[in-house]
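Inspection log for the structure reproduced underneath, given as structure tokens.
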Amino acid sequence: MSTENRGTPLVELRDISIAFGGIKAVDHVSIDLYPGEVVGLLGHNGAGKSTLIKCLSGAYQADAGEIWISGDKVEIRNPRDARAHNIETIYQTLALADNLDAASNLFLGRELVTPFGMVDDGRMEAETRKIMGRLNPNFRKFKEPVSALSGGQRQSVAIARAVYFNAKILIMDEPTAALGPHETQMVAELIQELKRQGLGIFLIEHDIHAVMELCDRAVVMKNGQRVGTVNVKDVTDDDILGMIIMGKKPPQAY
Amino acid sequence: MTKAASDTQSTPARRSFLETLEIDTRLLGMIGAFIVICLAFQIWTGIRALPEITYNPFAWLANGRYLLPQNVFNITIQMVSVAIMATGMVFIIVTRHIDLSVGALLALCSALMGLLQVWIMPTALGLGIGNPAIAPMTMVAGLALGALVGAFNGWLVGYQRIPAFIVTLGGLLIWRNVGWYMTSGKTLGPLDQTFLLFGGAEGTLGTTLSWVVGFIAAALAVFGLFQARKTKAGHGFAVKPLWAEGVLAGVSVVAILGFIAALNAYQIPAAKLKRMFDARGEVMPDGYSEGFGLPISVLILLLVAVVMTIVARRTRFGRYVFATGGNPDAAELSGINTRLLTVKVFSLMGFLCALSAIVAQARLQNHTNDIGTLDELRVIAAAVIGGTALAGGVGTIHGAILGALIMQSLQSGMAMVGVDSPFQNIIVGLVLVLAVWIDIQYRKRKGIR
């Protein structure tokens, strides 16, 4: 897929920098994302991919740089701001409150309320049943706290939370790290489906094969800096590995 | 993926009686423990009351003095102050904090309210003793001070990131002694007559009004059960069989009305009745008797219990309290302002401390420096016995109140049968540790965390 002539990017991170106590975790990095596109973010542990993406999800604030959403410059100070821009994040840790049930987690921070302002557990459970019926039809444990769920079930709660609220931009931080083959396949199908619906997806991923299969473009980072960006179908996995391990930029990269 | 698990879920296995009722087995265990305590002391006092040794358990039970209306009444009014604070402590502990300053804060609020009603308002402001405005103004000031000091504690914990243990350990030393300084260590009394109504025995609803309250409460309980059923059915969720709802409703109604009946059965002593008639300028008819009924302080506790339960279960604030306790990072990432939440939770705790100060002060009929001493430990123990997990995220309001009731029943019973003081404290300590141990075993077996 070509990046030329595709109009305004959904997201543009321009020249983002963030440092923690003198260590430059992200050093002048720019990336962009178009509707219906999956962009993979790759690199070693500590390369700065999670930190970069947390500037977009509102967990961190960049020291320098700009965030543009659909052609407008925006400020994202906290996770609430990010949600207001239809940015949803599936964290590596899933960020679930283990003591609450699936519906409470799905609507956490955005509860449905009755006309009297009370949380409407019935309606939330009904909505949860609806979306889980689509994402993971085997899911039955609506009453139990999510601590009682398996890894895959927990993952599907986290995914349901991200897609329920009409996200336009989805950030997935190693969504398949804790999953078995069947569940990994489920996530892959979901990504394809969301892509067809026109969402833009940032995928942080270690598994090079998953990147080759799912991503349109891949951005490789090393030591807080961007090594290069490639169209996945123009390169081999060895090219990408070379970028990750040695920071070597192949001719196709830009 | 989880084929096996979901299959066993979907086949409707035969369910036990308790499962059908959908009662929390943990709650059931606590109620069971409470009943065992009551029966044990009833038998113990019964055996002592009998002139000669018999081996008839029914005689033991019938002659026991523990479950007499008078003792039920006393235990109830003695537990109110700790129970009110325990409901707030649930929120504190659920959000992974602790508040060691509740007893000290109670003393500070009591000192302010003592000063206001005994000296500042009647004399310094010239309202005169017995002015009807004194009690409400005193209470508003006390409650405001409690909420404010609580909010300050919460700000130190939430925004300045000082551990709650340290903030409130400091508060334990500070607030009681601020109160001491304000009152110069003097005992303040006599209190305002209206204010005294909130202590317990001095202010009861009388038998008729108590029955009214009882029937309204029973009706609300039944209505609530069936309303919840209707909502569930409306969404097409499984509901329990109608007989199960009926059993629950029946048990609730019997418990509520039985409690009211016990309080109504406790007769006001004749001498006190005579004083009441004299005060109204009337003559007491011969053979006149009247029951105490529901104390206002207990009514306040019941209202606190209902409101706090609704807050915990049905409001966003309550949902965020539990979410923050379960996973603070997740709560933050979900857009919850956990710092402000901490301020609110501590402020609520402070408000409840002030409410307890009203009840405690009115019950003791004056303010003393040592009011509420060691209450922080009783309150924390009540919450923990009631199933609040110190790791955070888990706890119920009714559990904490039941915890306070169990502790008070134990202490009252031991005093009644003449257990030596050191053993009284030893036993309460053992019960605390035992309750938590049982809880851990229970969670392990149920596979919860």
Side-chain angles (χ1 to χ4, degrees), chain A residues 54 57-59 78-84 89 91 93-100 104-105 107-111 113-114 116-127 129 136-153 156 158 161 179-183 186, chain B residues 1-11 22 94-96 227-239 310-339 341 389 391-395 443 446-449:
Chain A
K54 278 181 178 170
S57 67
N78 53 46
R80 254 164 301 165
D81 289 350
R83 285 179 165 192
T89 310
Y91 293 95
T93 56
L94 302 184
L96 298 173
D98 277 343
N99 53 335
L100 302 182
S104 301
N105 269 294
F107 287 93
L108 191 57
R110 290 178 284 205
E111 288 76 9
V113 291
T114 63
F116 303 108
M118 299 286 166
V119 293
D120 194 341
D121 283 318
R123 202 147 60 89
M124 289 196 283
E125 190 184 326
E127 289 294 312
R129 281 174 188 268
N136 184 356
N138 288 327
F139 193 91
R140 294 278 187 285
K141 295 187 172 176
F142 290 97
K143 292 290 182 197
E144 281 87 343
V146 295
S147 59
L149 308 185
S150 72
Q153 289 169 331
S156 54
R161 174 165 65 182
L179 301 186
H182 179 85
E183 289 148 327
M186 187 188 86
Chain B
M1 46 191 277
T2 50
K3 210 81 172 89
S6 55
D7 279 353
T8 50
Q9 288 263 320
S10 54
T11 43
E22 289 179 25
V94 162
T95 50
R96 303 189 178 186
Q227 195 63 33
R229 180 188 174 86
K230 217 175 94 184
T231 314
K232 266 186 165 182
H235 286 291
F237 303 158
V239 290
I310 292 174
V311 168
R313 293 204 178 154
R314 301 297 311 276
T315 66
R316 290 184 157 191
F317 170 70
R319 185 61 46 89
Y320 296 167
V321 164
F322 281 84
T324 304
N327 187 343
D329 296 332
E332 191 79 50
L333 291 173
S334 301
I336 296 167
N337 187 341
T338 51
R339 296 175 176 211
L341 190 83
V394 180
R443 285 177 205 279
K446 296 271 282 186
I448 322 168
R449 292 219 291 182

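Only a predicted model underlies this, so the values are computations on that prediction, with no experimental measurement involved. Heavy-atom basis, side chains included; hydrogens, waters and symmetry copies ignored.
Ranked by heavy-atom pairs under 4.5 Å with chain A, the first of B/D329, B/N327, B/L333 is B/L333. Most heavy-atom pairs under 4.5 Å with chain B: of the set A/G117, A/A95, A/G58, this distinction falls to A/A95. Ranked by non-hydrogen atom pairs under 4.5 Å with chain B, the options A/S57, A/S104, A/A59 are led by A/S104. For the options B/G318, B/A323, B/A331, B/P328, heavy-atom pairs under 4.5 Å to chain A are most numerous at B/A323.
Taking CG from A/L108 and OG1 from B/T324, the interatomic distance works out to 8.0 Å, rounded to the nearest 0.5 Å. Summarising the geometry, atom CZ belonging to B/R314 is positioned 12.5 Å from atom CD belonging to A/E111; distances are rounded to the nearest 0.5 Å. The distance from the CZ atom of B/F322 to the CG atom of A/N99 is 8.0 Å, given to the nearest 0.5 Å.
For CZ of B/R229, the number of neighbouring non-hydrogen atoms (other residues, nucleotides, ligands) closer than 6.0 Å is greater than 12.
For A/L96, the part lying near chain B is the backbone, with the side chain staying farther off; criterion is any non-hydrogen pair under 4.5 Å. In this structure, no portion of A/T93 lies under 4.5 Å from any heavy atom of chain B. If you measure heavy-atom distances from A/F142 to chain B, you find no contacts under 4.5 Å at all. Heavy-atom distances place no part of B/T231 under 4.5 Å from chain A, backbone and side chain included. Contact annotation for A/D121: only side-chain heavy atoms (C-beta onward) come within less than 4.5 Å of a heavy atom of chain B. For A/R110, the part lying near chain B is the backbone, with the side chain staying farther off; criterion is any non-hydrogen pair under 4.5 Å.
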Kindly indicate, with the supporting measurements, whether the criterion side-chain contact (heavy atoms from CB on, under 4.5 Å) is fulfilled by A/F107 and B/R319. CA-CA 10 Å; A/F107 287 93; B/R319 185 61 46 89; over 6 Å; no
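Annotation for B/S334 and A/R161: closest pair OG-NH1, 3.8 Å, computed over non-hydrogen atoms. Nearest heavy-atom pair, B/E332 versus A/P79, reported as atom, atom and distance to 0.1 Å: O-CG, 3.5 Å. Heavy-atom minimum distance, B/H235 versus A/G122: NE2-C, 3.3 Å. Counting all heavy atoms, side chain and backbone alike, A/V119 lies closest to B/R316 at CG1-N, 3.8 Å.
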